[in-house]
Visitor: 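Here it is, the structure, as structure tokens.
Below, chain A is the first sequence line, B the second, and so on; all start at residue 1. Because the structure is a prediction, the values reported are computed rather than measured.
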Amino acid sequence: MSSAAMKSARNALVLIAGLLAAWQALYWFVGDAALRPPLVTVQYTARLMTTDAFWMHLSETLQAFAVALSIAVAAGLVIGFGLGFHKLSAQVFEPMLVAVYSIPKITLYPILLLAFGLGMPAKIAFGAIHGIIPVALFTLNAVRNIKPILVKTGRVHGLGPFEMIRSILFPAALPEIFTGFRVGFALTLIGTLLGEMFAAQRGLGYLLMTAIGLHNVELIMAVTLLLVVFAATVSAGLLAIDRWLHRHI
Amino acid sequence: MSQAHVSLRGVTKVFPSSSGGQGLHALGPIDLDLQQGEFFAVVGPSGCGKSTLLELIAGLTSATEGTVEFEGRRIEGDIPDGIGVVFQEDACFPWLSVEDNIAFGLRKIAVAHEEKRRRIGGVLDLMGLGDFARSYPAQLSGGMRQRVCIARTLVIEPRLILLDEPFGALDQQTRLLMGDEVLKLWRQTGATVFLITHALDEAAMLADRIAVMSARPGQLIDVVETHWPAERDSHIVERLEFGAVTARLWKSLREESLKTMAKTSRGPADRT
Amino acid sequence: MSRIAVYRVLVIAAAVLLLELLCYVGVIDRITMQPPHRILRDLALILISGKQNAAILKTLSNASIAFGLALFVGVATAVVLHGYRALRETLDPLFATYYAIPVFAFYPLLIVLLGLGDAPQIGIGFMLGVVAVIVNTLNGLDRVPRVLRKTARIQRLGTIETALTVTLPYAAPYVLTGAKFAVAYSLIGIIGAEFIMSRGGMGYEISFAYNNFDNATMYPLIVLILVVSISINTGLSRWEKLLLARRGQ
């Protein structure tokens, strides 16, 4: 293991220990009204994971998330590459994308409910609209910032448009596109969960929302813990790949 | 001779190594006296610790051993009053107009508002920046931006001016012209000037005395007196003696520069 | 108006007209969405009658407080973190995964900690916004050239004075980027919290109108939120551009 990897592993451990300590301390301060201590939460989570209902909710969430992410990445790449190659379109549409990126999309949930009804399609749509724009914006920037000398080199070697994208443009833009994917991943996940909280009757988001409604503290904490662990693990992995790509390409 | 304006005794600088081993001996030991009102230059191969020497005098860093005194008071890592520094890099604040950049120099100087306005107007005229008072640095050329930095230093009326390769980023013609301006300012202000440069001709043209620094750890291996008259400008380069001064500097420096080249070509791990 | 701005207006006008047409021919039915001209008329009626003023005021003022807190605390935290490398490296993974975590799960906890009033909603808005400010401010502080810090030392400025007069002004465009995110996130936090559990505010009114099929209230309120967030965002972007233009970027 390299010293940098050791350092980041040590940092992660220190951070986890710090968060657990803060959690425990907060529990001593707040009491049972709104919190359970870490150990109790872990035990409850383990029990929760033995129930069939939990696995039904989880698989529902994963399905919705997988579809939403696929849509977000595919549409984001198409928009990003399209605008990246067409300067006028980029000038017209980029500020509009940035403006839409900045709107609080949570307010749109009733519209999606009216359009798609309660259930899978609504939450997929909710997840996808969170993820498309970051993927598109990062891809657009990546394509735009490709060094002209690389394209010239490709021309000199007589590459056709398809070859040009496959062997020059995509690899050159890959690190930035991957950053877009990483951001899109996080936002699609949060979008899918918010969709489940407001526009679904299944999934971990729905489970969380019900728990909040019933003030079931154990359940709130267990679901939150699982989501945090999942999001943190995947994000850390993606971040490591992201940094590797930026160093090596 | 009166008491020296700046005085260094047995000054060394060792940068501690991050891995806990033996540190990097960057500089010294150095003994040096700057006389009140003289123009002193230091030339040396790159990476010899010239800039570290300047930072020691400015109080930006403290010596590992030895003492640095300015006007009889010891400098130990704190910035003394009456010293102005101009760096090689563009140190203009890009969010402030030229005028406000210069006024920034007076933040810590307790003078009346009218006096501040008078001084700012004065240095604007002196540096030929009068027409650009309300411009932003991005609207100016590199040479003009460096003038703003010099003006910001002059406005505090320093008694010691430290110049760290101030023209390093400028083209040759601009350097010569800026050299003339620095000479004019030096005569007008009567301040002691300490110039760090890697350009032999620049040092030879500007300074009363020129010290040659060795490769790391930097030590002063030669001091050349130019005997130029105080009233001088870039025409000095036409004199025969100018060639002699430059030749002597190069003779002392050649071997040191070769040492540095040999070191750096060994590999990047050797560099700092 | 530049050619590109004309194109942009045309694109937006075409989109609105398309919606109008789809509503008119019945592809989009009235229960799903009102035609755009009706939404605008309803919005005018709502604003003139003033019957939603209390809700609008509550949401926007809470969002402003959350935004102000996030900006102030975020900038201050970034300045401190920038001085403590080890602490910053430890917190980095947290910042990187933060936006994949459903912060709304902490709403019940905040209610217990802060009471039932507006405070927990402001807390959610603050929690969402503050990390965007911290991350972007740190990014700006990282770019301050060493020579400017040296200049500050030569001028004998103290730590706080250096931050206020040298490093933060240099980082200002990056802080503004963070501020733009914080505007969106504080609105998301406040409105989301109002959706989940509240007795007032625009989020509450929107979800109340949704449950009662009251599109004449729901759509205008949603459009109002979008208009407010896009206007603030555009204003901040203009300011950011002005700062960068002054620096020749």
Visitor: Heavy atoms only, distances under 4.5 angstrom: which of A:Ala232, A:Ala236, A:Ala99 has the most pairs with chain C? Name it, please.
Guide: A:Ala232
Visitor: Is any side-chain heavy atom of C:Met202 closer than 4.5 Å to a side-chain heavy atom of C:Ile56?
Guide: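 Yes. Closest side-chain heavy atoms under 4.5 Å.
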Visitor: Taking atom CG of A:Leu19 and atom CG of A:Leu26, what is their separation to the nearest 0.5 Å?
Guide: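 The CG atom of A:Leu26 is 11.5 Å from CG of A:Leu19, to the nearest 0.5 Å.
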Visitor: Name the member of C:Pro93, C:Pro102, C:Ala86, C:Ala96 that forms the most heavy-atom pairs with chain A at distances under 4.5 Å.
Guide: C:Pro102
Visitor: Restricting to side-chain contact (heavy atoms from CB on, under 4.5 Å), what partner residues turn up for A:Ile16, sequence neighbours left out?
Guide: A:Leu20
Visitor: I need the A:Leu189 CG to A:Phe230 CZ distance, nearest 0.5 Å.
Guide: 6.0 Å
Visitor: Is the shortest side-chain heavy-atom distance between C:Leu43 and C:Val227 below 4.5 Å?
Guide: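 They are not in side-chain contact.
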Visitor: Would you give the length of the straight line joining atom CG of A:Leu227 to atom CG of A:Leu204, rounded to the nearest 0.5 angstrom?
Guide: 5.5 Å
Visitor: My understanding is that only residues two or more places apart in sequence, or in another chain, count here; which of them pass side-chain contact (heavy atoms from CB on, under 4.5 Å) with C:Ile232?
Guide: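 Testing C:Ile232 for side-chain contact (heavy atoms from CB on, under 4.5 Å), a comparison that skips the adjacent residues, returns C:Val183, C:Val228, C:Leu236.
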Visitor: Measure C:Ile206 against the heavy atoms of chain A and call it side chain, backbone, both or neither at under 4.5 Å.
Guide: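 Just its side chain gets close to chain A.
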Visitor: Looking at C:Ile12, C:Leu187, C:Ile222, which makes the most heavy-atom pairs under 4.5 Å with chain A?
Guide: C:Ile222
Visitor: Hey, mind stepping through A:Phe116 and A:Ile124 against side-chain contact (heavy atoms from CB on, under 4.5 Å) and telling me if it holds?
Guide: CA-CA 10 Å; A:Phe116 294 101; A:Ile124 290 174; over 6 Å; no
Visitor: Any idea which donor-acceptor pairs are under 3.5 Å between chain C and chain A?
Guide:
residue, atom, partner, partner atom, Å
C:Arg8, NE, A:Val92, O, 3.1
C:Arg8, NH2, A:Gln91, O, 2.8
C:Glu89, OE1, A:Lys7, NZ, 3.4
C:Asn233, ND2, A:Ser102, OG, 3.3

Visitor: Under the side-chain contact (heavy atoms from CB on, under 4.5 Å) rule, collect the residues that match up with A:Met197, sequence neighbours excluded.
Guide: A:Leu194, A:Leu208, A:Met209, A:Ile212, C:Phe104, C:Ile196
Visitor: With a 4.5 angstrom heavy-atom cut-off, could you sort out which part of A:Val14 is near chain C: side chain, backbone, both or neither?
Guide: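 Both backbone and side chain.
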Visitor: Could you tell me the separation between the CD1 atom of C:Ile225 and the CD1 atom of C:Ile191, rounded to the nearest 0.5 Å?
Guide: 3.5 Å
Visitor: With a 4.5 angstrom heavy-atom cut-off, is it the side chain or the backbone of A:Ile220 that approaches chain C, or both, or neither?
Guide: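 Only the side chain of A:Ile220 comes within 4.5 Å of chain C.
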Visitor: Measuring only between side-chain heavy atoms, which start at C-beta, is A:Pro37 closer than 4.5 Å to A:Val40?
Guide: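 SC-SC contact between A:Pro37 and A:Val40 confirmed.
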Visitor: Counting only heavy atoms closer than 4.5 Å, note whether C:Ile101 contacts chain A via side chain, backbone, both or neither.
Guide: both
Visitor: If you count heavy-atom pairs under 4.5 Å between each of C:Leu10, C:Val103, C:Leu226 and chain A, which one has the most?
Guide: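 If we count pairs closer than 4.5 Å to chain A, C:Leu226 comes out on top.
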Visitor: How long is the straight-line distance from CE of A:Met221 back to CG of A:Leu226, given to the nearest 0.5 Å?
Guide: 11.5 Å
Visitor: Is C:Leu113 close to chain A through its backbone or its side chain, or both, or neither, when contacts mean heavy atoms under 4.5 Å?
Guide: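 Only the side chain of C:Leu113 comes within 4.5 Å of chain A.
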Visitor: Can you find a heavy atom in the side chain of A:Phe138 that is under 4.5 Å from one in the side chain of A:Ile177?
Guide: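 A:Phe138 does not reach A:Ile177 side chain to side chain.
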Visitor: Relative to chain C, which of A:Leu113, A:Leu193, A:Val234 shows the most heavy atom pairs under 4.5 Å?
Guide: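 Among A:Leu113, A:Leu193, A:Val234, the one with the most close pairs to chain C is A:Leu113.
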Visitor: Does any heavy atom of chain C fall under 4.5 Å from the side chain of A:Leu88, the backbone, both, or neither of them?
Guide: side chain
Visitor: I'd like to verify something: which residue of A:Pro95, A:Ala211, A:Gly31, A:Ala115 has the highest number of heavy-atom pairs under 4.5 Å with chain C?
Guide: A:Pro95
Visitor: Pick one of side chain, backbone, both or neither for A:Phe185, based on which atoms fall under 4.5 Å of a heavy atom in chain C.
Guide: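 Neither; nothing under 4.5 Å.
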Visitor: Looking at every non-hydrogen atom in both residues, tell me the closest pair between A:Ile190 and A:Leu187 and how far apart they are.
Guide: CG2-O, 3.1 Å
Visitor: Contact part of A:Ile103 toward chain C, heavy-atom cut-off under 4.5 Å: side chain, backbone, both or neither?
Guide: both
Visitor: Side chain from CB out, backbone as N, CA, C, O: work out which of these in A:Ile106 comes under 4.5 Å of a heavy atom of chain C, or both, or neither.
Guide: both
Visitor: Which bit of C:Met218 is near chain A, if near means a heavy-atom gap under 4.5 Å: side chain, backbone, both or neither?
Guide: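 Contact with chain A involves the side chain of C:Met218 alone.
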